[in-house]
Amino acid sequence: MHCALFKKVFNLYYDGFRNMRLGKTLWLIIALKLFIMFAILKVFFFPNYLKTHAEQGHEADFVATQLLGKP
């Protein structure tokens, strides 16, 4: 029962994407923007703060002290 429903839904989307013209270009642009946001910007603007400030194996303690404000 569920397999037939899944197959119908898959075929609906598959046929829809196969017949797209402008949509394929738009999805390519969306995928490119997501790649830039998550892969490239993360490397340059979001460094690994825990790696540089906490001792290895004591990351949870460092986060707890930063959140609670206790030394």
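A distance of 4.5 Å separates CG in L26 from CG in L22, rounded to the nearest 0.5 Å. Note: L34 CG to I29 CD1 = 12.0 Å, rounded to the nearest 0.5 Å.
I36 and F44 fall within the same hydrophobic cluster, defined by Ile, Leu, Val, Met, Phe, Trp and Tyr side-chain heavy atoms under 4.5 Å apart, directly or through other members. M37 and W27 fall within the same hydrophobic cluster, where Ile, Leu, Val, Met, Phe, Trp and Tyr residues are linked whenever their side-chain heavy atoms come under 4.5 Å apart, directly or through other members. When the side chains of ILVMFWY residues are joined at heavy-atom separations under 4.5 Å, either directly or via intervening members, Y13 and F10 end up in two distinct hydrophobic clusters. There is no path of hydrophobic side-chain contacts, each under 4.5 Å, that joins Y14 to V9.
Side-chain N or O atoms of Q66 include none that pairs as donor or acceptor with a backbone N or O of A64 at under 3.5 Å.
Residue R18 comes nearest to K24 through the heavy atom pair O-NZ, 3.6 Å, listed as atom of the first residue, atom of the second, then distance. The two atoms that bring F17 and M20 nearest to each other are CD2-CE, 2.8 Å, heavy atoms only.
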Yes or no on side-chain contact (heavy atoms from CB on, under 4.5 Å) for N48 and T52, after CA distance, side-chain angles and deciding distance? CA-CA 7 Å; N48 191 347; T52 58; 5.9 Å; no
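Using a 30° and 60° split on the angle between ring planes, Y49 and F62 fall in the tilted class, from 30° to 60°.
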